[in-house]
S.K.: 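Have a look at this one before I ask anything.
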Amino acid sequence: MLLAEGTDVEVLVKHRGSGPGGVVGTRFVYDTHPFDVVGWDGCLYPYTFNVEDYMPITGKIHQPPPVHQVFEGHNFVICNFLPRKVDYHPLAVPVPYYHSNVDSDEVMFYVGGDYEARKGTGIGIGSVSLHPGGHAHGPQPSAIEASLGAESFDESAVMVDTFRPLELGEGGSASDDGTYAWAWAGRSL
Ligand SMILES: [Fe+2]
């Protein structure tokens, strides 16, 4: 971080308003320069968030992924899938529908419980999956039937969707089980 000295330091904050170009400003004067610190208590700083404090949003029919979103950064989002009541329409299919996430690569980390949509694929606690953008995927056929009439899911997973393509590093390639990509086809390589 840039260090700066000084007292009675002016800090100009631009924000939306009725000024030229829709921008106005506020002039703050601080005793010391705000950069003259080890950390900066501004709006952008690292902090921890206990995933169990996240409140899942549920609905009558299946809700789209943004209801699970907890963080958003430049070119990525982070979503939590947590124990929750599930879709309560009498004809609802609680597991996700098939999709191709054409705008993002999708990394899932299965933290706890029993991830309903991926039953029968070898996915377990501690697994990490990568669904590249454009790769159609969804629940196992048996998972669809098994989910009908379910009132709640006991699953904990964290998802990172990136809006730029990901590449596998050595660690990722070394831990590839070689079969997951074929889970939907019902066959192996
Ligand atoms: Fe997906």
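Since the structure is predicted, the reported quantities are computational estimates derived from the model, not experimental observations. Atoms within each ligand, like the ligands themselves, are counted from 1 in listed order.
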S.K.: Just by modelled atom types, is the E52 backbone N or O under 3.5 Å from a matching donor or acceptor in the N50 side chain?
M.R.: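 Judged by distance alone, yes, a pair lies under 3.5 Å.
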
S.K.: Please check this pair: side chain of Y88 against backbone of T58, looking for a donor-acceptor N/O pair closer than 3.5 Å.
M.R.: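 Such a contact is absent between Y88 side chain and T58 backbone.
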
S.K.: I'd like to know if F71 and F109 are part of one continuous hydrophobic network [Ile/Leu/Val/Met/Phe/Trp/Tyr, side-chain heavy atoms within less than 4.5 Å].
M.R.: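 Cluster IDs for F109 and F71 match.
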
S.K.: Determine yes or no for a side-chain-to-main-chain donor-acceptor pair under 3.5 angstrom, with N101 supplying the side chain and D103 the backbone.
M.R.: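 Between the backbone of D103 and the side chain of N101 there is no qualifying donor-acceptor contact (under 3.5 Å).
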
S.K.: H99 and side-chain hydrogen bond (donor to acceptor under 3.5 Å, both in side chains): which partner among H135, H137, H131?
M.R.: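 Result for side-chain hydrogen bond (donor to acceptor under 3.5 Å, both in side chains) with H99: H137.
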
S.K.: Hey, is CG on D53 packed in by over 12 heavy atoms from elsewhere, all under 6.0 Å?
M.R.: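 Count over threshold, so yes.
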
S.K.: Below 2.8 Å, which protein N, O or S atoms neighbour the Fe ion (ligand 1), ignoring water?
M.R.: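 Under 2.8 Å from the Fe ion (ligand 1) - ignoring waters, which are not counted - the protein N, O or S atoms are H99 NE2, E106 OE1, E106 OE2, H137 NE2.
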
